[in-house]
Amino acid sequence: MPPSKKPVPRPAQRPDSNSSSKSKRSSSAPKASKRPSKHAPKRAPEVASQVGPKPARAPRFWLVKSEPSEFSFDALLAAPKRTTMWDGVRNYQARNTLRDDMAVGDEVLFYHSNSEPVGVVGIARVASAAYPDPTQFESGHAHEDPASSPSDPRWWLVDLQAVRRLPRVVPLEEMKASPALAGMPLLQRGSRLSVQPVGAEHFAEVLRMAGAPA
DNA sequence: GCCAACGTTGGC
DNA sequence: GCCAACGTTGGC
């Protein structure tokens, strides 16, 4: 669940009331990183200084889940600037992804859970850097977290902007049947993460399955 | 509505 | 730190 949804984001926000949640949550564990072996191949010393503007890493790919009854892709398309705060995520692993790994311009598969059919329905993009989820500080809000403080926010979010609806929904059932998608976190058993990484090859395959090859 | 698979909480 | 109880997610 992310979003409790409120229409567009923009970092300062008014408290509305809203909310509930939708999907999300998690499970698959992020996989671990490789640990440096003792005799690692040598590598060239890194060049440390970066002189120019920002480093601009290659765009990454993600998947977010939402129950359409809570916040659908249509709702995102209809939001001002087709953008919303992806608020309401209350899972640490998903929080870390939002806060630490997403960057403006990253592409996102928009997935409908608890729907008919369940599957990927559209593409969105990360439209802001991470900032504290304002709903955690709203008294009485479903996503209020009394243990969090503005000086040390526990929950973070990014803005998401709709890019385009897919020509056809890519049903979960088809994704499960695709050998090419076999490693996707979404398809791992017990997966509940509402915000999760997607490999570039899996992202491309989902688009291909939707009839919208990149 | 069912229920498996998780995550969180809190007693000890 | 263990672990039972409880709450949530989300496919079916």
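Atom pair A:L172:CG and C:dT9:C1' shows a separation of 14 Å (rounding to whole Å applied). As rounded to whole Å, 6 Å separates atom C1' of C:dG11 from atom NZ of A:K176. Distance, A:L186 CG to C:dG11 P: 8 Å, rounded to whole Å. Between A:N114 atom CG and B:dC2 atom P the separation is 16 Å, expressed in whole Å. As a whole-Å value, the separation of A:R189 CZ from B:dC6 P is 6 Å. In this structure, A:N91 places its CG atom 18 Å from P of B:dA5, rounding to the nearest Å. Following rounding to the nearest Å, A:L193 (CG) and C:dG11 (P) show an atom-to-atom distance of 13 Å. Atom-to-atom, CZ of A:R90 to C1' of B:dC6 comes out at 19 Å; the value is rounded to the nearest Å.
Between A:K65 and C:dT8, a side-chain N or O to OP1/OP2 separation shorter than 4.0 Å is absent. Here A:Y111 does not reach the OP1 or OP2 of C:dT9: none of its side-chain N or O atoms lies under 4.0 Å away.
Every side chain to side chain contact (heavy atoms under 4.5 Å, CB included) that A:A147 has, sequence neighbours left out, goes to A:D145, A:R154.
A:W155 places none of its side-chain heavy atoms less than 4.5 Å from the side chain of A:T135.
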One pair to check against side-chain contact (heavy atoms from CB on, under 4.5 Å): A:W62 and A:D101. What are the steps and the verdict?
CA-CA 10 Å; A:W62 312 98; A:D101 303 330; 3.5 Å; yes
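Between A:E70 and A:K65, none of the side-chain N atoms (NZ, or NE/NH1/NH2) sits under 4.0 Å from a carboxylate O, so this pair counts as no salt bridge.
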